[in-house]
Amino acid sequence: MKKTFVLFALLLVAPIRAQEAEPFVMTEDWLSKIQSLAPAPSSNQDSEVKNLLIFSLHTGFEHWTIPHTEAVVQIIAEKSKGFKVFTSKDISVFEKSNLKKYDAVVLNNNCSIGPRRDLFWDALEKDRSLSEKAKTKKAKQLENNLLNYVKKGHGLMVVHGGIVMQNNSKAFSEMVGGSFDYHPKQQAIQIKLVDIEHPMVQCFDPSGFEHIDEPYFFKNAYFDYNFRPLLYLEADKLDGLKKEVPDNIKYVSWIKKYGKGRVFYSSPSHNAQSLENPDLLQYYLNGLHYITGSLDCDDSPIRRNHSGSKTAKSSR
């Protein structure tokens with residue numbers, strides 16, 4: 001009887017675990033695989049090599065794929081021959097004198113600690129030489145440095161949990177296009193294209209793609225729809241929703257202007273297995289080209305004509 005119960009329990013658990021991607025250690029073999037899958041240099045890309053900073057500090061939830069994502073972005077950037085890549089986990093890179101060294105910044109899964117949700121403050125918290133007031137002031141200064149950096153014409157790419165970096169900041173939310181709200185459990189998600197003709201997404205099959213991911217839901221500036229959406233999912237196809245969803249179309253990736261600068265956000269992906277998709281690698285590279293100005297495309301916002309499913313019909 002006991003064996004029967006255990007078998008029954010395993011059968012119940014198996015379908016759930018099948019919807020999760022198991023963490024794995026990054027190896028040289030895996031990096032070689034990514035190197036072979038990464039897109040080759042484009043003949044029409046900008047001849048000027050751009051300085052790219054990948055920032056990978058987290059103070060809150062640790063995504064296991066942080067080192068994988070950093071390595072993958074570095075591989076596709078350097079293989080394209082369009083970028084010189086720098087990496088850091090030190091918030092001092094957001095000092096004005098340091099930021100000016102880079103043409104664009106990639107925020108790699110920079111989850112902050114709740115309830116404050118301010119990664120800069122989190123990083124300063126253990127500095128005993130600073131008062132609470134000084135920490136708050138310095139954290140705000142570093143955030144403003146990043147905001148002004150993009151506003152004045154530089155690029156910003158935000159990957160998955162990077163949107164949580166300054167999640168309670170209205171200004172940061174407006175810059176990146178939203179704030180993190182919550183996500184249901186990991187599961188197989190069908191990602192669809194908003195506009196199959198858009199240059200950013202022509203790397204994908206017109207029908208979209210399926211992968212296992214955390215389906216992110218957003219709040220705050222997201223509902224201004226002040227961005228050009230690129231990828232979406234349908235909420236009624238998901239398991240584990242915490243609340244009623246009035247708009248079934250949920251965008252998970254977009255581009256937008258912020259002042260004179262450009263921003264690219266991609267929620268895919270929570271798992272490094274998804275990065276073995278060469279189409280997604282090309283998409284990331286398209287994003288890098290967009291934020292550094294070498295890919296011109298429609299990035300006009302949809303806030304004035306947003307209508308949920310109508311906006312997304314062209315992808316079907």
Side-chain angles (χ1 to χ4, degrees), residues 38-55 69-70 72-88 93-94 96-108 144-160 162-163 165 171-172 174-178 193-195 197-204 221 225-231 251 253-268 279-303:
S42 172
S43 58
N44 59 356
Q45 70 183 40
D46 195 331
S47 59
E48 180 185 355
V49 175
K50 304 294 176 63
N51 290 330
L52 181 70
L53 171 67
I54 307 174
F55 181 67
T69 302
E70 179 179 279
V72 166
V73 174
Q74 182 165 0
I75 287 171
I76 62 174
E78 292 181 340
K79 185 175 178 180
S80 76
K81 301 189 182 302
F83 301 90
K84 183 177 181 181
V85 178
F86 304 83
T87 64
S88 180
V93 295
F94 293 97
K96 287 182 181 179
S97 58
N98 291 328
L99 273 177
K100 67 181 183 180
K101 301 173 185 177
Y102 311 110
D103 297 290
V105 172
V106 178
L107 299 181
N108 172 23
N144 286 336
N145 288 348
L146 175 58
L147 296 171
N148 290 329
Y149 167 82
V150 179
K151 191 178 293 183
K152 291 180 179 179
H154 295 91
L156 182 69
M157 175 175 171
V158 184
V159 180
H160 194 58
I163 202 168
M165 180 171 161
F172 185 83
E174 290 173 348
M175 175 177 69
V176 301
L193 317 182
V194 175
D195 177 4
E197 301 298 329
H198 196 283
M200 279 287 297
V201 301
Q202 288 184 10
C203 49
F204 296 115
Y225 299 109
N226 189 17
F227 50 70
R228 172 58 49 177
L230 301 172
L231 304 178
Y251 303 118
S253 185
W254 55 77
I255 52 176
K256 69 187 296 290
K257 285 286 187 64
Y258 182 70
K260 296 179 181 179
R262 296 179 171 195
V263 177
F264 166 55
Y265 175 68
S266 176
S267 177
D279 295 343
L280 189 60
L281 299 182
Q282 180 66 62
Y283 185 61
Y284 274 23
L285 181 58
N286 291 349
L288 292 175
H289 286 317
Y290 167 75
I291 64 172
T292 52
S294 57
L295 175 60
D296 287 322
C297 56
D298 185 4
D299 54 13
S300 58
I302 61 164
R303 56 185 171 185

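What you are looking at is a predicted structure, and each value in this text was computed from that prediction instead of being measured. The figures that follow rest on heavy atoms only: side chains count, while hydrogens, waters and symmetry mates do not.
With a 4.5 Å cut-off on side-chain heavy atoms, Val105 and Leu99 count as touching. Between Lys257 and Arg262 the shortest side-chain heavy-atom distance falls below 4.5 Å. Residues Trp254 and Asp299 form no side-chain contact, since every pair of their non-hydrogen atoms from C-beta on lies 4.5 Å or further apart. For the pair Leu288 and Val106, the minimum side-chain heavy-atom distance is below 4.5 Å.
We find the CD1-CG distance between Ile76 and Leu280 to be 8.5 Å, quoted to the nearest 0.5 Å. With rounding to the nearest 0.5 angstrom, the CG atom of Leu146 is 6.5 Å from the CG atom of Leu107. Note that CD1 of Ile163 is 10.5 Å distant from OG of Ser266, once rounded to the nearest 0.5 Å. Within the model, atoms CG of Leu230 and CG of Asn286 stand 10.0 Å from one another, a figure rounded to the nearest 0.5 Å. The CZ atom of Phe204 lies 5.5 Å from the CG atom of Leu231; values are rounded to the nearest 0.5 Å. For the atom pair Ser253 OG and Phe227 CZ, the distance stands at 10.0 Å (nearest 0.5 Å).
The side chain to side chain contact (heavy atoms under 4.5 Å, CB included) test with Leu285 is passed by exactly one of Ser80, Pro41, Cys203: Ser80.
Every residue two or more places apart in sequence or in another chain that forms a salt bridge (charged side-chain N to carboxylate O under 4.0 Å, His left out) with Lys50 is listed here: Asp46. Taking the ring-ring contact (aromatic ring centres under 6.0 Å, His included) definition, one finds that Tyr284 meets it with nothing, sequence neighbours left out. Partners of Asp279 according to the salt bridge (charged side-chain N to carboxylate O under 4.0 Å, His left out) rule, which considers only residues two or more places apart in sequence or in another chain, do not exist here.
Checking side-chain atoms of Tyr149 against main-chain N and O of Leu156 turns up no donor-acceptor pair under 3.5 Å. Checked by atom type and distance alone, the side chain of Tyr225 never pairs as donor or acceptor with a backbone atom of Gly177 at under 3.5 Å. A donor-acceptor pair under 3.5 Å is absent between the side-chain atoms of Glu78 and the main chain of Lys84, judged by distance alone. Without hydrogens or angle criteria, His160 side chain to Ser267 main chain gives a donor-acceptor distance under 3.5 Å. Checking side-chain atoms of Asn51 against main-chain N and O of Asp103 turns up no donor-acceptor pair under 3.5 Å.
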Output, in order, the C-alpha distance, side-chain angles, deciding distance and verdict of side chain to side chain contact (heavy atoms under 4.5 Å, CB included) for Val73 and Val85. CA-CA 9 Å; Val73 174; Val85 178; over 6 Å; no
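Between Pro229 and Val194 the shortest heavy-atom distance is O-CB, 3.6 Å. Across all non-hydrogen atoms, the minimal contact from Gln282 to Pro39 is OE1-CB, 3.0 Å. Of all heavy-atom pairs spanning Glu174 and Lys256, the tightest one is O-NZ, 2.9 Å. Here the shortest heavy-atom pairing between His198 and Arg228 reads NE2-CG, 4.1 Å. Here the closest non-hydrogen pair linking Lys81 and Val49 is O-CG2, 3.8 Å. Scanning all heavy atoms of the two residues, the minimum distance from Tyr290 to Cys297 falls at CD1-SG, 3.8 Å.
Taking the six-membered ring for Trp, Phe94 and Phe55 have ring centres closer than 6.0 Å. Here Phe264 and Tyr283 bring their ring centres to under 6.0 angstrom of each other. Between Tyr258 and His154, the distance from one ring center to the other does not fall under 6.0 angstrom.
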